[in-house]
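The structure appears right after this line, and notes come after that.
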Amino acid sequence: MVEKITVGHVHMSGCTGCLVSFVDNYEGLFKILDNYADIVYALTLADVRHVPEMDVALVEGSVCLQDKASVEEIKETREKAKVVVALGGCAAYGNITRFCRGGQWNQPQMESFVPIGDLIDVDVYIPGCAPTPQQIRNVCIMAYLLLKGTDEQKELATAYLKPLMDLAARGSDAKRSSDACGCDLMYDVINQGLCMGCGSCAAACPVRAISMEYGKPQIERDLCIKCGACYAQCPRSFFNFDVINEFEGITELITGVME
Amino acid sequence: MVLGNYKTCVAARSTDKEILKGAQDGGIVTQLFAYALEEGIIDGAIVAGPSDEPWKPEPIVATTKAELLAARGTKYNLSPNMSLLKEATRSYGLDRIGIVGTPCQMQAVRKAQLYPIGMRDVPDKVALAIGIFCMENFPYQSIEALVEDHCNVKMESVTKMDIGKGKFWAYTERGAVAQIPLKVTHKYEQPGCHVCLDYVSNLADVSTGSVGTPDGWSTVFVRTKIGDDVWSKASAAGCFETKEIESGKTGLELVTKLATDKITKNQKTLEGRATFGVGKGLRNPYL
C-alpha cells in the first residue's frame, strides 16, 4: 500500500456545495480515498471534533468575523495544515457571501464575511461556484504527487499547481482581494488588450451572467456572484505552456491513476 | 517546434463534391466532422454557423451534415465557439463533442480540460478538436470596414472572403473580385491576437489551413492519438484525396516561415508590453 496524504475539509460559511462537488467524483472519490488520501477531518464525513494536523486542508466557505469559533478554526487550520486550499468561490473570493448584510435569524449580528485569504495565507485557489469535481480531483492528485511522488512527478505537480498558487497570492493581496468577478475580465484581460473572444468565460460562468456580443464578453454585473470562474478559465488569465502543451500525457496520467 | 508536435503532415482535400463547393479550401473540417458524426465518433460539433447578419458567425452545435454544410468557409471574424462547450453537454446532451477553432481556441479547449475551473463534466467529453491556421482575427466591424469601405462591396453580396498571396480578397455573387493589400488590414486586427504564439493550432487533434498547398487543397497536421485515429479511419473510408506535402518554398517551408514570422513578431509585442509605460508594463498572460 502506498503512503497516503492526509486531507481535511474545513467548513466555514459555505453551503456544502463544494464538498458535494468533491463527492461527485463518485467512484473516483473511492479511488482517491483508497489510494491517495485519508480524510482526517470533515464535519459531515469524519467523527473528529477538532482540527488535526494534516497535509492538505480544503477550506470551504468564507469566514464570518462575528463567529469566534470560525475565526479560531481558520487560524488553527493555517497552523495545522501544510497546504491550505481555498475550495470554491466563497473561501477564495467571498462569492455570494460578499452580498450579506446580516439580519438573519437567529444570529442577525453576523453580517461580515471575508475570504479566508483576508485572515490567513492561502496556498492554492480552486475558484468557481461550485468548483468542479474534475478540478478538485486534479488538485488532489497533484497534491499527492507533490508530497509523495517521484522527482519528475513533483516537478509536474509544482508546475500544474503554480497558476492556482498565483491566484491565491493575488487573492490574498490586500489591494486586490475585492476583485474576482466579471470585472476581472474587463480590467485584466480586455483592458489589457488580451481578449481574443474565445468564449471560455461565458461557458464557465455558473449564473450565465456573460454572453458574447460581437465576439467579446458582455457582463451582466448584477447577476455576477463573484465566484472567480470566468477569469480563472480565461486562457489569457494564465496559460502555462509547460503544462498545457503536455495535455495528452497529463490527461493519460490522470485517467491512469484514477483507474 | 513552431509547427508543434505532429505525427503526419499531408496535403488533402475532401472527395465530397458538395462539401468542396462551399469550402474555403480542401473542406477538411466539414468532411472530418461529417465523417465523425456519421460514425458516432462525435454526437455533434461546435462550428461557426450563419447568423442574422451577413458574414457574422454564430457558434452553433451542428448535429447534422446539413448544419455542417451551412457553416462551411472562413468568416475572418470572431466566433466564440468555446462559449458553447459546456452548453453542448447540457441542453444539447452531447457526450462526445467536436469543436473547431483558431489556435487560441484550441489553447482554451486544452486549458478547459486540464483546469476545468468552470467546466464541470466537460474535460472527458471533448472527442475531436480541429484547429485552423490563423495569423490573426478581426472584430466583425473591422471586416465590415474592410469589405464595405476598402473593397467597396456590400457584405451581403460577398460569396467568399480569402487571405492569400499578400492580399485580402472579396468575391461577389455577380463575379466581381475586390482585393486590397494585406498591409491595409493590419490596423483593423483584433489586439488580443498580437500576443498569440501559435500559428498552426499546435494543441489541436488535427489542424488544417491553406498555406503550404495548391488552391483547393489544405495542409493537414495530424497531432494526437485521437486525431490519428479519426484521420486514418476517415482516410481509409475514402473521405480524402491526399498527396505528399511539398517540402519547398510553397510547401512546408512556407508554413514554417509564416509560423516563425508570427511568433517572432508577437514575442516582440510581448516584450514591448513589459515596458509599455514609464516604469510600468502591461500584463503578460504567459507568466
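First the proteins, then the strands, lettered A, B, ... as listed; each starts at 1.
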Counting heavy-atom pairs closer than 4.5 Å to chain B, which one of [options] comes out on top?
options                        : answer
A:S237, A:S21, A:G228          : A:S237
A:R236, A:M212, A:K162         : A:R236
A:C201, A:A204, A:P127         : A:A204
A:S200, A:A130, A:A203, A:C129 : A:A203
A:C227, A:P131, A:C195         : A:C195
A:G197, A:A202, A:A229, A:S211 : A:G197

With the side chain counted from C-beta on, respond yes when [X] and [Y] share a heavy-atom pair under 4.5 Å apart, and no when they do not.
X      : Y      : result
B:R120 : A:P206 : no
A:K216 : B:L78  : yes
A:M196 : B:V195 : no
B:I117 : A:I126 : no
B:M106 : A:F247 : no

Please determine which of B:C196, B:P285, B:P191 meets the side chain to side chain contact (heavy atoms under 4.5 Å, CB included) test together with A:L194. B:P285

More than 12 heavy atoms from other groups under 6.0 Å of [atom1] on [X]:
X      : atom1 : result
A:F99  : CZ    : yes
B:K7   : NZ    : yes
A:E152 : CD    : no
B:N5   : CG    : no
A:E220 : CD    : no
B:K265 : NZ    : yes
A:I96  : CD1   : no
A:E155 : CD    : no

For [X], is it the side chain, the backbone, both or neither that has a heavy atom under 4.5 Å from a heavy atom of chain A?
X      : answer
B:Y140 : side chain
B:P139 : neither
B:E58  : neither
B:N202 : neither
B:Q107 : both
B:N81  : backbone
B:K111 : both

When you measure from the side chain of B:R283 to the backbone N and O of A:D188, does any donor-acceptor pair fall under 3.5 Å?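 At least one qualifying donor-acceptor pair exists.
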
Expected output: side-chain B:R273 to main-chain A:Q192 donor-acceptor under 3.5 Å: yes

In sequence, state the C-alpha distance, the side-chain angles, and the governing distance for B:D121 and A:T132, and then conclude on side chain to side chain contact (heavy atoms under 4.5 Å, CB included). CA-CA 8 Å; B:D121 297 347; A:T132 66; over 6 Å; no

Distance only, no hydrogens: is a donor on one side chain within 3.5 Å (strictly under) of an acceptor on the other, for B:Y115 and A:Q134?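 No.
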
Nearest 0.5 Å, what's the CG-CG distance between B:L287 and A:N240?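 Reported value, rounded in 0.5 Å steps: 11.0 Å.
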
Please state whether the rings of A:F239 and B:Y286 are parallel, tilted or perpendicular, taking 30° and 60° as the class boundaries.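 Ring orientation of A:F239 relative to B:Y286: perpendicular.
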
Residue part contacting chain B, namely of [X], when any heavy atom lies under 4.5 Å:
X      : value
A:C205 : backbone
A:V243 : both
A:C234 : backbone
A:E213 : neither
A:N245 : both
A:L164 : side chain
A:P163 : side chain

Ranking B:G192, B:C193, B:P57 by heavy-atom pairs under 4.5 Å to chain A gives rank one to B:G192

Which of B:K225, B:Q113, B:Q190 touches chain A most, by non-hydrogen pairs under 4.5 Å: B:Q190

Any salt bridge between B:R223 and A:E248, counting N to O under 4.0 Å?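 Salt bridge: no.
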
Salt bridge check, B:E87 against A:R208: does any charged N sit closer than 4.0 Å to a carboxylate O? yes

A:Q233 and B:K86: CA distance, side-chain angles, deciding distance, side chain to side chain donor-acceptor pair (under 3.5 Å) verdict: CA-CA 12 Å; A:Q233 194 67 68; B:K86 189 161 69 177; over 6 Å; no

Please step through side chain to side chain contact (heavy atoms under 4.5 Å, CB included) for the pair B:L197 and A:F241, ending with a clear verdict. CA-CA 10 Å; B:L197 303 176; A:F241 287 105; 4.2 Å; yes

Closest contact, heavy atoms only, B:A108 versus A:P235: CB-CG, 3.7 Å

Heavy atoms of B:L114 and A:I244 approach each other most closely as CD1-CA, 3.8 Å

